[in-house]
Number of protein chains: 2
Amino acid sequence: MTNKDVRTPASVQGEQSQEAGQSIGWHKAYIEGSRPDLRVPVRRVHLTNGQSVTLYDTSGPYTDPLAQTDVRRGLAPLRENWITARGDTEEYAGRPVRPEDDGIKHTSSPRGGLRNLDAVFPGRPRQPRRSRDGKAVTQLAYARRGEITPEMEFVALRENVSPEVVREEIAAGRAVLPANVNHPEIEPMIIGKRFLVKVNANIGNSAVTSSIEEEVEKMTWATRWGADTVMDLSTGRNIHTTREWVLRNSPVPIGTVPLYQALEKVDGKAEELTWEIYKDTVIEQAEQGVDYMTVHAGVRLPYVPLTANRKTGIVSRGGSIMAAWCLAHHKESFLYEHFEELCEILAAYDVTYSLGDGLRPGSIADANDEAQFAELRTLGELGRIARRFNVQTMIEGPGHVPMHKIKENIDLQQEICDEAPFYTLGPLTTDIAPAYDHITSGIGAAMIAWWGTAMLCYVTPKEHLGLPNRDDVKTGVITYKIAAHAADLAKGHPGAQAWDDALSDARFEFRWEDQFNLALDPDTARDFHDETLPAEPAKTAHFCSMCGPKFCSMKISQDIRREHGGSREQIEEGMAQKSREFAEAGNRVYLPIAD
Amino acid sequence: MTNKDVRTPASVQGEQSQEAGQSIGWHKAYIEGSRPDLRVPVRRVHLTNGQSVTLYDTSGPYTDPLAQTDVRRGLAPLRENWITARGDTEEYAGRPVRPEDDGIKHTSSPRGGLRNLDAVFPGRPRQPRRSRDGKAVTQLAYARRGEITPEMEFVALRENVSPEVVREEIAAGRAVLPANVNHPEIEPMIIGKRFLVKVNANIGNSAVTSSIEEEVEKMTWATRWGADTVMDLSTGRNIHTTREWVLRNSPVPIGTVPLYQALEKVDGKAEELTWEIYKDTVIEQAEQGVDYMTVHAGVRLPYVPLTANRKTGIVSRGGSIMAAWCLAHHKESFLYEHFEELCEILAAYDVTYSLGDGLRPGSIADANDEAQFAELRTLGELGRIARRFNVQTMIEGPGHVPMHKIKENIDLQQEICDEAPFYTLGPLTTDIAPAYDHITSGIGAAMIAWWGTAMLCYVTPKEHLGLPNRDDVKTGVITYKIAAHAADLAKGHPGAQAWDDALSDARFEFRWEDQFNLALDPDTARDFHDETLPAEPAKTAHFCSMCGPKFCSMKISQDIRREHGGSREQIEEGMAQKSREFAEAGNRVYLPIAD
């Protein structure tokens, strides 16, 4: 696998820059921090009026023409010096990689095994790292001790807030900064309600489809379009190896559901799962550098019967695995029973918990039911334990919820879970539109984010129907960036509206190229415009295809402004005489009539 | 132009039925009313489990294989007998059609004139109809008199409410039933907050693009996908003729903005508009059968200066035309000054007012400003006048509004406008996503509809960029049907959730064909599924491509239910022993810890 196999945004962006060869457009820039190795990437849009707009950028080095990227070597380890300088972690031999890590233990079917040796990640040899002598090495531990780490400074510059705000929010458990000590490649980011709303994109193969190349490609493109984190939910072949490629090439935190890989190790038989197999899988993934893990420890034995009369039972994959295990053994969940031990493991690598909502509703009919909220209460309890172990923690939320029941979800979660960051899938506001669930859920996502949800897990058009391809990933990410930004606006997040204002100014002043370059998806905006008016002069025309050249409402507004002096006061002055006459005539033509 | 030129849903549906040749799927059915000519169309979905689901249907006779449709002749005049039986209208010679009606008066450019004579609608010759001897012939007048018309009975059956509720809501001005006496082809529908949320689709050519064929095609397809009304916003050539084709073939009410055509008659020069030209255009359109008209009578001279300091000025086309006229003449709007006369005209044909929000905000920055709300107060005043003349009235709303400012719009409108139906464009919740404004606005639309908006004007992906083609119309309609249905659910509309429940049941029971047939867009849902698992057996498989055949959470839930007896009580009984043991051990493994 080479750069040629994986079409990353880097190569595409490079081509575009060369073709354009002009000073307008956008390019990668950096905000310098307090030390030379602390440079925060931004997307700077250069407008035709000489101004520029700086936007948050998640795309990593791929969009920097000066950066050398090679998917076979992986990204440069940006955080390595920060981690080693702290002196509280150490390298060690690590767990040997076993054949079954890639899912070939219990099967002799052709699905097992790597298709070719080249699939093994060929990058720099590395040893895993973990905390030394029981040292507390999580960002939560540092924040509680009053330390502002380079990671915190990085996100403060990224979010345009003071580092102290970042530290405070992490220390209080109201925000998480997922950053495994074994994932030095990431550009740190923060998830919490006082910060910009974040978006996660899921990738991952399944037993019936897709390759390592596709997953790496999806990851780089998802971040190019704005994904703040990526979850690798692979359940097919080459799980370990795919994850290694993804981690080494990802500029954003990577999340997983270790239970999925553990299940593959027992050939899909939930009842054969054990705490030992699960624990081994968590360590395997923590050593690779997974930044946050979904753990369905809230699916407890007594809650399973609460789902029996549901319309759609248990729809979470992890939730149903744990429910099946509990029922098969008639025992309490091994995740719940070993939760403190799990905390110790996660703390050693600074892996963040994403406490999974295994009993989330899978249909409008099941929203906000007893099973869902029973589990939520347990997640609140587990979150308190996790923070006692200095493990950063966020809480996952639903699912399928009609609009009028959404607010209860975030309000209850904030209350029960001590304001820990809420991380929701949608929610989908109706069940009737398979193939459009990015939209049914984008509606719910925008609302729940406005009310305080910190991160939104995207939904693609393929939800309920199949695995997303690269185009679906794009549609999902763009839809969720809309939801997140709409929420930032509604929350009055400082600076959020500057983006809207810049685009609306460009629209009002017929600066078409600026409109395209400021758009969330410049390429599609440009393509749609050119479908009706393809010629180059149309890019500077003071009209568009909606009304044509003879009449344009924007143009009339500008004429009004020009003719009448430009400011409201001047227009008012110019009209004062007429207004006076009008007032003398009673100031209205019709009197209000109650009928 | 023949049926061969215009690809209506009829022909396509017919083909599918023949191919399928099976008893599952969906077909057009009718609910019989109190008289033989009162048959309410529905879409009946036949499920593989023998059950059926009945859905609201807007697609008209095109999807009825027993109906003969011919775009050259137009649809059968369903309401003709109802209208003539009332005896309160009469046919008359009508206004002669003039060349300038198609926009060829003030120009010698090639854009003027019909491209070929065939474009003139060849259907049945007809004379226009209007009220006789000053009789009150509007549905509002009938409702106030306590009469339940066939139109009211039709919508009562359609909405599954009593005819008396329909009459009451119309009489109170809280609902409108747009039904021009010259548009007997429509299947009556109602717009009001106590009824299902409705969706309008805009079509129409512009000076730079599209043909009569395309517009008729867009109309038939928009209604196939669920548009409840269609607005013809043509501003290019053949305005009169295009509208005739659209009206004669439309099963749903047609709305227009007469100001657009009036402006064409003065060659796009707003200052040359006069009340006489406008009035003549309104009569021309009323005689053709336009069911509702957007009238920007709220754009008053004193409000124009209020827009001077806006980020995006006046973005409504009608609003800016009227503002330009007011300023050019330094006079109060002729629409405002002649409003009572206009009421008399609309009343004679039962044309419904859609009082336009000419000063709606065109950007997030301008939302809920003084100009917008000043106009809204005037619209409330005009609505009271209109109802005094028995003219049915709805009120148009914005526009671009961030989520936290949406509720104020509907609350204020309901208060100021005496609960007249609110009809909003979106609103768009952010400005940053040209090419995705169906989504930015779908979010706002769902929310404002939940809070009481009666009809949503769709936005397509081409908004701000170009004119929508047939695919864009589809995407816009589907997105808005999602928003409308999500709102119906959130409002607790009786029966709304039955659709979601049926689809979720099908999903839980792996009835793939039923899922597709129940989907808002069956074709796309099926295509997406088949992209990953194309084989026919996959349609009955108890798994899908997301997890593959080895593990499926839905299947596990079913196994749980089966093994444990099916009901919650039985599962609980089966688990009682274990639970007791668990309870004796303290009922929890971890105690909550305050940290």
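Here the structure is a predicted model, which is why all the values come from computation and not from measurement. In the text below, chain A, chain B and the rest are named by the order of the sequence lines, each starting its count at 1.
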Smallest separation among heavy atoms of Phe516(A) and Leu465(B), with atom names: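 What the structure gives for the nearest pair is CE2-CD2, 4.0 Å.
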Closest non-hydrogen atom pair between Ile443(A) and Ala446(B), with its separation: CG2-CB, 3.7 Å
Most heavy-atom pairs under 4.5 angstrom with chain B, which of [options]?
options: Ile364(A), Asn469(A), Ile406(A); answer: Ile364(A)
options: Gly442(A), Ala525(A), Ala502(A); answer: Ala525(A)
options: Asp501(A), Thr440(A), Asp472(A); answer: Asp501(A)

Can you tell me how far [atom2] of [Y] sits from [atom1] of [X], rounded to the nearest 0.5 angstrom?
X: Arg507(B); Y: Asp431(A); atom1: CZ; atom2: CG; value: 6.0 Å
X: Ser504(B); Y: His464(A); atom1: OG; atom2: NE2; value: 7.5 Å
X: Leu489(A); Y: His404(B); atom1: CG; atom2: NE2; value: 8.0 Å

Using a cut-off of under 4.5 Å on heavy-atom pairs, state which of [options] scores highest against chain A.
options: Gln497(B), Met403(B), His438(B); result: Met403(B)
options: Ala365(B), Pro522(B), Gly173(B), Pro402(B); result: Ala365(B)
options: Ile439(B), Thr479(B), Thr429(B), Leu428(B); result: Ile439(B)

With only heavy atoms counted, which part of [X] is less than 4.5 Å from chain A, the side chain, the backbone, both or neither?
X: Leu503(B); result: side chain
X: Ala445(B); result: neither
X: Pro461(B); result: both

Per-residue contact mode, Ala487(A) against chain B (heavy atom under 4.5 angstrom): both
Asp527(A) portion near chain B, given a 4.5 angstrom heavy-atom threshold: neither
Ile432(A) and His485(B): CA distance, side-chain angles, deciding distance, side chain to side chain contact (heavy atoms under 4.5 Å, CB included) verdict: CA-CA 9 Å; Ile432(A) 64 166; His485(B) 184 74; 3.5 Å; yes
Sidechain-backbone polar pair: Asp500(A) side chain, Thr430(B) backbone, donor-acceptor under 3.5 Å: no
Intermediate values then yes/no, side chain to side chain contact (heavy atoms under 4.5 Å, CB included), Asp505(A) and Lys311(B): CA-CA 7 Å; Asp505(A) 283 337; Lys311(B) 190 161 280 297; 3.0 Å; yes
Residues Phe528(B), Glu463(A); criterion side chain to side chain contact (heavy atoms under 4.5 Å, CB included); working and verdict: CA-CA 9 Å; Phe528(B) 280 7; Glu463(A) 185 77 13; over 6 Å; no
Close side-chain approach of Lys462(A) to Glu531(B), heavy-atom, < 4.5 Å: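 Result yes, sub-4.5 Å side-chain heavy-atom pair found.
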Side chain to side chain contact (heavy atoms under 4.5 Å, CB included) between Ile482(B) and Tyr436(A), worked out: CA-CA 9 Å; Ile482(B) 289 170; Tyr436(A) 298 85; 3.6 Å; yes
